[in-house]
Protein chains: 2
Amino acid sequence: MDDAAKTERMDAYRRICRDQGLRITVQKRAILEAVLDLDNHPTADQVYESVARVVPDISRTTVYRTLEGFARIGVITKACHPGRSTRYDPRVELHHHLICLHCDAVIDITDTGLDALRIPDTSDHGFEVRDFRVQLRGICRRCQTKDRKEKST
Amino acid sequence: MDDAAKTERMDAYRRICRDQGLRITVQKRAILEAVLDLDNHPTADQVYESVARVVPDISRTTVYRTLEGFARIGVITKACHPGRSTRYDPRVELHHHLICLHCDAVIDITDTGLDALRIPDTSDHGFEVRDFRVQLRGICRRCQTKDRKEKST
DNA sequence: AGCTAATTGCAAATATGTAGCGTTAAGAAC
DNA sequence: GTTCTTAACGCTACATATTTGCAATTAGCT
């Protein structure tokens, strides 16, 4: 993410913290910067690896706790994925995902056609829709070439 | 799932196993029956709990391994979800999901409007699309009432 | 009935995430 | 800038969710 966008996001984060009486620490700032720079929908541990290069003695616990908190107050989101560990998404606005069914990669796509989707009525489920994501499921480039290699051997 | 549909699915499974030289065991049959009966997009452990009532001395390892195998050969699918453990979906055909951002519930919805989505071109990502899901993200009925209670106390 | 390799179950290892708790420090009040 | 309150930190231990290696078993072909 470019610097201007990051500054904007950091400002938004500051406003939310002020409103809710939350404190901004060195650790939280570093975690937010790290996750804004990662575009692969990282797990908490991947964020930890990245932050630890900047704040070497940060605790894993803090990273896990902070990411959960960020998602709760809407500073980041959680990505829906087919795998076994929570994945975070720095993007909060409407966008969509390519999902690799071999390696569980989550890849961002933007498409106005998808954005324009008419959301059906869900009142019979008593479900309150906040937003939506379209997930195109299939095989990513890397796994396609990998699979070809494995078959040819 | 009703008996006719289950029989059909079991037959499809038999064909796949024959074609690929896989063996059908008491355990695998029980696991497939269990997962076809669960409509809440269960985790491997939830499937284990269910199967264990029918085959008491089945191993957890077998359930985990078998579900992975089922998904690989396309007998079932994996559901995309925001949580931290893999969730399986007995449905393999096109359908969509309501995703609760509080409790991670995954609820099936069917809507021809969503099915008719025009899938954008993904060739610039080198991504081969197999199918898609629309996920409506929000708050489920149960969590809405729970939240109201918590706020009023 | 015999054979072969897929499959199972066990035990132990590895990921992933959380809770409890004493210590530190952000940021408001003065 | 000092003080004060309490959010947040980091540690350790715990909890949960899988995975791996391997010896024993068994489905399904001949």
Side-chain angles (χ1 to χ4, degrees), chain A residues 10-11 13-32 34-35 41-52 54-73 75-76 78-79 81-88 102-104, chain B residues 10-11 13-32 34-35 41-52 54-73 75 78-79 81-88 103-104:
Chain A
M10 193 60 75
D11 288 346
Y13 173 50
R14 264 184 247 278
R15 277 193 297 277
I16 292 172
C17 286
R18 188 154 23 81
D19 291 351
Q20 305 200 14
L22 303 173
R23 292 172 189 175
I24 297 177
T25 62
V26 176
Q27 291 88 343
K28 286 180 168 187
R29 206 163 19 225
I31 293 168
L32 183 51
V35 76
H41 307 81
T43 64
D45 230 66
Q46 289 171 329
V47 176
Y48 169 75
E49 298 293 341
S50 174
V51 176
V54 181
V55 185
D57 47 2
I58 198 170
S59 149
R60 233 183 200 83
T61 307
T62 297
V63 176
Y64 275 84
R65 235 179 337 213
T66 302
L67 289 170
E68 232 5 73
F70 283 173
R72 187 165 35 74
I73 63 179
V75 171
I76 61 176
K78 289 188 185 186
H81 63 93
R84 64 184 167 121
S85 50
T86 304
R87 297 179 63 168
Y88 294 95
H102 274 201
C103 69
D104 293 352
Chain B
M10 193 60 76
D11 288 346
Y13 173 49
R14 264 184 248 279
R15 279 193 295 278
I16 291 172
C17 287
R18 188 153 23 79
D19 291 350
Q20 306 200 15
L22 303 172
R23 291 172 188 173
I24 296 176
T25 62
V26 176
Q27 290 90 340
K28 286 179 167 187
R29 207 165 19 228
I31 293 167
L32 183 52
V35 76
H41 309 81
T43 64
D45 227 67
Q46 288 171 328
V47 176
Y48 168 76
E49 297 294 341
S50 175
V51 176
V54 181
V55 184
D57 46 3
I58 198 169
S59 151
R60 214 178 280 272
T61 306
T62 298
V63 176
Y64 276 83
R65 238 178 336 214
T66 302
L67 288 170
E68 240 351 82
F70 284 174
R72 187 164 36 74
I73 63 178
V75 172
K78 290 188 185 185
H81 62 93
R84 63 180 170 121
S85 47
T86 304
R87 298 180 62 167
Y88 295 94
C103 70
D104 294 353

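Note that this is a predicted model, so its numbers are computed, not measured.
Rounding to whole angstrom units, CZ of residue A:Arg14 and P of C:dA28 are separated by 13 Å. One interatomic measurement links the two molecules: CG of B:Leu22 to C1' of C:dT4, which rounds to 15 Å at whole-angstrom precision. The CG-P distance, from B:Asp19 to C:dA6, rounds to 16 Å in whole Å. Between the CG atom of A:Asp45 and the P atom of C:dT18 there is a distance of 12 Å, rounded to whole Å. In this structure, A:Arg60 places its CZ atom 16 Å from C1' of D:dC14, rounding to the nearest Å. Residue B:Tyr64 contributes atom OH, which lies 19 Å from atom C1' of C:dT7 at whole-angstrom precision. One atom, CZ of B:Arg65, and another, C1' of D:dT25, lie 13 Å apart when rounded to the nearest Å. Atom CG in B:Asp57 sits roughly 14 Å away from atom P in D:dT25 (whole-Å rounding).
Residue B:Thr25 is the one, among B:Gly83 and B:Thr25, whose nearest nucleotide of DNA chain C lies closer to the 5' end (criterion: closest heavy atom). Taking for each of A:Ser59 and B:Thr86 the nucleotide of DNA chain D with the nearest heavy atom, the 5'-most of the two is the partner of A:Ser59. Residue order along DNA chain C, read from the 5' end via each residue's closest nucleotide, puts B:Val55 first among A:Arg84 and B:Val55. A residue-by-residue look at B:Arg23 and B:Glu68 shows that B:Glu68 has its nearest nucleotide of DNA chain D further toward the 5' end.
Summarising the geometry, atom NE2 belonging to A:His81 is positioned 10.5 Å from atom NZ belonging to B:Lys78; distances are rounded to the nearest 0.5 Å. Note that CZ of B:Arg29 is 12.5 Å distant from OG1 of B:Thr66, once rounded to the nearest 0.5 Å. The distance from the CZ atom of B:Arg84 to the OG1 atom of A:Thr43 is 14.0 Å, given to the nearest 0.5 Å. Considering CG of B:Asp45 and OG1 of B:Thr86, their distance stands at 11.5 Å, rounded to 0.5 Å.
The pair A:Asp104-A:Arg87 fails the salt-bridge criterion, with no side-chain N (NZ, NE, NH1 or NH2) lying under 4.0 Å from an Asp/Glu carboxylate O.
Between C:dA26 and A:Gln27, no contact under 4.0 Å exists linking OP1 or OP2 to a side-chain N or O. In terms of phosphate contacts, B:Thr66 brings a side-chain nitrogen or oxygen within less than 4.0 Å of OP1 or OP2 of C:dT8.
Distance from the side chain of B:Thr61 is smallest for C:dA11 among the nucleotides D:dC9, C:dT8, C:dA11.
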